[in-house]
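I have placed the structure first, in the form of structure tokens, so that the comments after it can refer back to it.
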Amino acid sequence: MRRPFSASPPELPQRVLFAATFALASACGSVDQDGAVPGSAAAGTAGIAGTAGGTGQNGGAGGSAGASGAPAGGLGGSSTGGTGNVSSGGSQSSGCTSLPPVSPRLWRLSARQYSNAVRDVLGLAAGPELVELGGENPLAFIADDALTVNYPMLNGMYVVLEPVLDGIMSGIPALTACSAGEAEDACARRFVESFGKKAFRRALAAPEIDALMVPYAEGVKESFATGIRLVIQALLLSPSFLFRTELGTPAEPARLSSDEVASQLSFLLLNSVPDAELLAASASGGLTTPDGIAREVDRLLALPAVRSNLTRIVADWFNVRGISEHPKATSYFAGLEAPAGTDIVTAVKTDLTASTQAFLTDVMWSGSGDLGGFLTSTKIFVNPRLATLYGFTYPGTGGEFVAVDAPADQRAGILTQPGIIWTNSGSQTTSIVHRGIFVNKDIVCGDPIPEPPAGLAGSIDAVAMLPTEMEKVTARFSNPQCAGCHSSIDPYGIVLQSLDPIGRYQTETEGALVVDSAEFDVSPTLSGTVEGPVALAQALVADRVFTRCALKKVTGYALGRALEGSSICEIDALLPPFEQNGGSMAALVRAIAVSSFMTSRPAGGAP
Amino acid sequence: MRSYRVARRAFLRGSAAAALLYPLLRNLEAQAQGAPAPLRFLIIHRPLGTVLDRWRPATPGRTFTLPELSAPFEPLRSSMVLIDGLNIVSRGPGGASDAAGDKTHEGGMVGLMTGVPSLGRIGQQDHVAGGPSIDQLFLERSPLLGGSAAAADARTRYPSLQLAADIRADRNEVAPRVMSYRPSVAGSNLNNRRQPLYPVTQPLSVYNSYFKDVIPGGGDPGNAAAVLAQQKSVLDFMRSDLARLRTLVPSEQTVKLDVYADAVQQLESSLTDGGEPPTGSCMQPAQPPSFEEAGGFDPNFPELFPSGAVPRGVDYYVAADPTKHPHQDLGRLQLALIRTAFACDYSRVATFMWSPGTNQVVFPGAFGGAQMIDGQGGGVQLSSHHPPSHDTRPAVVDWVAQVNKWYASQTAEALLEFAGQLDVDGNNLLDNTVVVFVTEVARAHDHDFRNAPWVVFGGANTRIDGGQYLKVSDGPLSALTGGNGNRPVNDVWLALAPIFGIDDLTALGPQGTMYTGPLPGLVKPA
């Protein structure tokens with residue numbers, strides 16, 4: 001039922017038109033490539049562009065993007081080619097760029113890490129939840145390492161700690177575990193040392209212990225428990241609790257200290273403070289070698305809490321929490337009954353969040369765990385409501401989420417997960433641009449696409465007024481200045497046109513048959529005509545484009561840096577160990593965690 | 001076990017703390033001596049400009065008629081200067097305009113609030129503020145606004161407030177969701193160089209941070225001194241830990257500890273300052289409700305949604321109950337809290353953002369008599385404000401304009417409450433407050449920066465020359481900036497500075513491009 005996209009002018013062969021407009025030949029985008037020689041891809045592109053009539057589209061596009069200011073560090077090499085070609089941006093002679101060094105820093109805990117840390121040091125069932133996050137974007141994938149603690153956040157912590165401290169008062173004898181006959185002050189000092197070490201993730205120095213005995217002394221005037229309570233309050237409001245330090249030691253300032261390595265591993269894997277084993281490994285010198293670190297990583301990877309956290313990291317990478325952010329017209333849900341206490345759109349959003357999370361969990365932790373499953377699995381998890389909405393037969397018996405196998409010619413992995421499509425569509429439009437930006441940003445890790453140059457406002461207005469997505473994409477491709485950037489994103493969106501704004505499969509849209517094929521020249525297998533999301537997903541897996549993107553995303557998460565640049569040498573080097581260890585999420589995290597860039601903090605780098 | 005969940009300063013009542021200076025008492029003393037009330041400074045941002053010809057009056061001067069989109073300000077007419085002919089200016093390092101985000105929502109925000117070239121750009125449009133924002137600059141340099149330039153006994157407890165109704169934006173960037181900045185610092189990492197003062201979006205947090213301490217009752221007066229000593233010992237330990245870290249971190253990182261130290265100081269102030277029950281013009285606000293972002297919390301996904309109350313914003317239109325307008329409720333509560341903080345003299349400087357320029361707030365498709373349409377021209381049920389703003393079909397433009405008008409209307413109503421608020425000198429609060437109503441682009445569909453629809457408000461004691469439509473037109477005014485007849489918005493800031501006793505602020509950014517000189521006609525001579 002589908003027909004290929006036929007752009008005007010109709011007499012121009014479709015294949016040539018798209019090759020000309022989407023060959024990653026503009027300065028606007030480039031993608032990780034697997035062993036491709038930059039020059040060869042560019043040469044092929046230029047030839048095809050010439051075939052399309054020598055309109056100078058690519059050169060013009062490159063010029064416009066340059067004028068609008070390519071992001072720093074993104075596309076340094078783009079101006080070297082006569083056609084403005086880029087196939088692996090920022091190339092050096094080796095074909096890759098170095099990871100920007102991270103220099104010594106304080107890195108504030110995220111709100112979630114704060115909550116988890118309070119929970120774990122006090123042994124609570126759940127930690128307190130902050131309302132004021134000191135500027136943190138709660139939906140951010142990467143924790144911003146420029147954040148600090150401002151007054152509303154500090155006050156918020158002060159307020160939420162009060163009931164927590166009330167709640168532990170009766171448990172203070174157990175927390176302190178004073179020996180029979182032990183003097184209260186001696187027991188308190190022992191507690192300060194042991195609890196302080198848990199909270200600050202390092203042994204306290206003598207002056208710090210003395211300083212903590214001051215609030216104890218104020219409190220013990222009232223009672224021993226009050227003294228201990230004040231010690232805990234002081235520790236949990238202090239900067240050494242709120243900041244992860246990456247400062248090294250005086251003897252070895254360019255490398256994380258052993259305690260700092262323990263914190264790095266625990267916050268990456270557990271999203272919380274180090275457990276007792278990590279603290280012990282640090283104390284015994286077990287974290288000073290890659291092998292020692294690997295042992296702890298392997299131990300941690302077996303813990304359910306670590307698996308849950310890694311699933312959460314991937315969910316944030318794909319912005320699963322964003323599902324709830326995107327409104328949809330209620331007309332999509334005609335005939336579906338809203339459950340009591342909410343409306344149908346909210347109910348479906350909640351369902352989709354659960355469905356997408358179940359999908360990620362299934363790929364990561366069932367079977368081989370091969371990351372390729374993110375793009376190839378045909379499973380969709382549905383409850384009765386989602387089954388009805390998306391046209392599946394509900395295979396379960398209760399209300400629980402159960403996997404159905406979607407038709408393999410219609411759906412493949414994350415690109416076709418209803419929740420993901422929901423998030424990357426308009427309220428009533430498929431939004432080729434937004435879907436394309438999503439694939440570029442989160443699936444292939446292409447370079448960021450700059451905003452349209454100011455001079456294009458008139459063209460943008462004209463495009464915005466066109467009635468259909470395909471008319472808009474045709475208009476963008478027929479304007480060289482638009483095509484320069486949109487050729488790096490729109491084709492991905494075109495291929496996903498077979499999914500409607502809420503992620504249902506469709507064969508018609510906006511009064512016409514769906515067009516879902518486009519021409520690519522991204523990598524050896526992602527080239528030529530690609531029709532539909534299944535073919536796109538297969539190509540992205542075959543060339544390891546997605547694998548490299550996954551390594552870059554999780555490395556960026558671990559370092560607290562959004563990484564740009566198409567081919568980063570240190571990340572390329574992770575590929576062999578990752579694949580040798582099975583190509584799973586665990587293998588990926590292990591490869592990153594033992595890398596030297598994780599523990600190196602040279603002075604003079606970017607803080 | 002005695003609970004510590006006490007009203008903050010309530011535990012000081014009946015103790016020797018009465019010797020402390022209370023801001024309120026300071027005000028009352030000033031009033032008794034016939035001295036004026038303090039001046040205050042408030043900047044309010046709303047997104048996406050306006051439709052100029054439905055906003056600006058036909059004739060400059062004092063006998064103008066406000067057209068449809070600015071009509072909500074008619075009741076404030078005598079305190080208002082509506083200005084046409086201001087150009088928002090955004091510059092990057094080295095003066096390059098395009099890389100600086102000229103004609104973007106994000107670049108516009110940074111440019112209008114700091115008035116100086118940015119330090120550069122991160123990612124797509126995250127422009128890095130190159131200096132302090134105007135509110136912070138005034139705070140630091142004015143002897144009248146209660147900041148560090150004021151006499152030690154004339155400083156306010158909380159130097160400034162940063163509040164917002166919504167901070168959701170197109171991307172995870174700082175530039176669109178922040179109005180206020182401390183001075184930037186040296187360093188090699190752009191993201192670490194700027195010093196954003198992030199807005200608080202939850203009214204309950206504002207209340208807890210700035211007002212909870214004056215709740216009467218709840219404490220144990222007999223034990224107040226002991227509890228205070230305990231809490232001070234906790235604060236002392238926090239300070240000692242800050243001091244220890246300060247010796248270990250690279251100099252570029254010490255600013256994080258400076259901000260933390262300020263927070264400790266403000267926490268201490270909230271515990272120890274004042275203690276008198278509110279009287280007269282300083283009325284204790286009611287405790288606001290907690291707003292939750294739509295779908296922001298789901299107990300089924302504790303890992304994904306750990307918190308029930310981390311609102312980045314809430315929508316105007318809620319499909320489940322179209323009679324509710326959380327965005328309006330939240331925004332008005334925030335502005336009311338600023339009004340109370342001003343009235344109680346806890347702060348004299350504040351910024352408030354309705355939403356970033358790439359406004360995600362959802363409004364109904366039928367709004368203000370307009371009907372939003374889809375690509376085929378059919379009516380839609382709902383839409384967020386920003387995405388359709390690039391569509392120039394008349395029906396869409398009208399809908400976007402109605403949302404713009406709604407922001408003007410809500411702001412006007414909030415400012416009327418300022419005008420109805422008794423100040424300590426017997427005048428109303430607006431008589432002692434300068435309010436600048438700004439926006440980050442002049443025209444939404446193509447992000448044009450020229451003819452930015454800004455309004456300055458200020459009553460009797462502010463020297464704002466109210467009651468006029470000030471048109472920056474041909475002639476001497478425009479000659480300085482060449483062709484378009486506009487003057488940079490910095491000229492407004494330069495004109496306002498002397499009101500606050502800042503007489504040496506004569507430049508902001510490069511002359512000729514970012515400023516020309518104080519805008520004449522806005523402020524009456526001293």
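Every value quoted in this text rests on a predicted model; they were computed, and no experiment measured them. The chains referred to below are lettered A, B, ... by the order of the sequence lines, with proteins before strands, and numbering in each begins at 1.
- Of the atoms belonging to A:Leu247, it is side-chain heavy atoms, and not backbone ones, that fall under 4.5 Å from chain B.
- Counting heavy-atom pairs under 4.5 Å between each of B:Leu248, B:Leu245, B:Leu382, B:Asp448 and chain A puts B:Leu245 at the top.
- Residue B:Val264 touches chain A through both its backbone and its side chain, counting heavy-atom pairs closer than 4.5 Å.
- Residue A:Ser170 does not touch chain B at all, counting heavy-atom pairs closer than 4.5 Å.
- Electrostatic pairing of A:Arg312 and A:Asp316 counts as a salt bridge here, judged by a charged N lying under 4.0 Å from a carboxylate O.
- Looking at heavy atoms from C-beta onward, B:Asp126 lies out of side-chain contact with B:Glu106 at the 4.5 angstrom threshold.
- Within the 4.5 Å cutoff, the side chain of A:Leu230 has heavy atoms near those of the A:Gln233 side chain.
- Of the atoms belonging to B:Val259, heavy atoms from both backbone and side chain fall under 4.5 Å from chain A.
- Each of B:Val234, B:Val396, B:Asp321 has some count of heavy-atom pairs under 4.5 Å with chain A, and the biggest count is that of B:Val234.
- Interface check for chain B: of the options A:Asn137, A:Thr429, A:Val345, the most heavy-atom pairs under 4.5 Å are formed by A:Asn137.
- Among the candidates A:Pro239, A:Gly127, A:Pro467, the residue making the largest number of heavy-atom pairs closer than 4.5 Å to chain B is A:Pro239.
- Only the side chain of B:Arg171 has a heavy atom closer than 4.5 Å to any heavy atom of chain A.
- Using a 4.5 Å cut-off between heavy atoms, B:Asp374 touches chain A through its side chain atoms alone.
- Using a 4.5 Å cut-off between heavy atoms, A:Tyr216 makes no contact with chain B at all.
- Taking a cutoff of 4.0 Å between a charged side-chain nitrogen and a carboxylate oxygen, A:Glu222 and A:Arg229 do not qualify as a salt bridge.
- Looking at A:Glu208, the atoms closer than 4.5 Å to chain B (heavy atoms on both sides) sit in the backbone and in the side chain alike.
- B:Arg177 pairs by the salt bridge (charged side-chain N to carboxylate O under 4.0 Å, His left out) definition with nothing, not counting sequence neighbours.
- Only the side chain of B:Ser240 comes within less than 4.5 Å of a heavy atom in chain A; its backbone stays farther off.
- Contacts between B:Arg193 and chain A at a heavy-atom distance below 4.5 Å are absent for every atom of the residue.
- The most heavy-atom pairs under 4.5 Å with chain B, out of A:Leu237, A:Thr468, A:Asn150, come from A:Leu237.
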Verdict with supporting geometry, B:Ile122 and B:Arg194, side-chain contact (heavy atoms from CB on, under 4.5 Å): CA-CA 11 Å; B:Ile122 300 169; B:Arg194 64 177 156 201; 3.7 Å; yes
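- Within the 4.5 Å cutoff, no side-chain heavy atoms of B:Asn172 are placed close to those of A:Leu139.
- Only the backbone of A:Lys328 comes within less than 4.5 Å of a heavy atom of chain B; no side-chain atom from C-beta onward does.
- Ion pairing between a basic and an acidic side chain is recognised when a charged N comes within 4.0 Å of a carboxylate O; A:Asp144 and A:Arg108 show no such pairing.
- Side-chain contact between B:Tyr260 and A:Val149 is present, with at least one heavy-atom pair separated by less than 4.5 Å.
- A:Leu147 touches chain B through backbone and side chain together, each having a heavy atom under 4.5 Å away.
- A 4.5 Å side-chain heavy-atom check between B:Ser269 and B:Arg157 finds at least one atom pair inside the cut-off.
- For B:Tyr198, there are no ring-ring contact (aromatic ring centres under 6.0 Å, His included) partners at least two apart in sequence or on another chain.
- Looking at every heavy atom in both residues, A:Met157 comes nearest to A:Leu130 through CG-CD2, 3.5 Å.
- In this structure, the portions of B:Leu242 lying under 4.5 Å from any heavy atom of chain A include both its backbone and its side chain.
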Worked verdict on B:Asp170 versus B:Gln360 for side chain to side chain donor-acceptor pair (under 3.5 Å): CA-CA 8 Å; B:Asp170 270 4; B:Gln360 314 273 306; 3.0 Å; yes
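- When A:Ala205, A:Pro152, A:Ser240, A:Gly156 are compared by the number of non-hydrogen pairs under 4.5 Å with chain B, A:Ser240 comes out ahead.
- Among B:Val380, B:Val178, B:Asp236, the residue with the largest count of heavy-atom pairs under 4.5 Å with chain A is B:Val380.
- Most heavy-atom pairs under 4.5 Å with chain B, from the set A:Gln428, A:Met153, A:Lys221, A:Lys472: that is A:Gln428.
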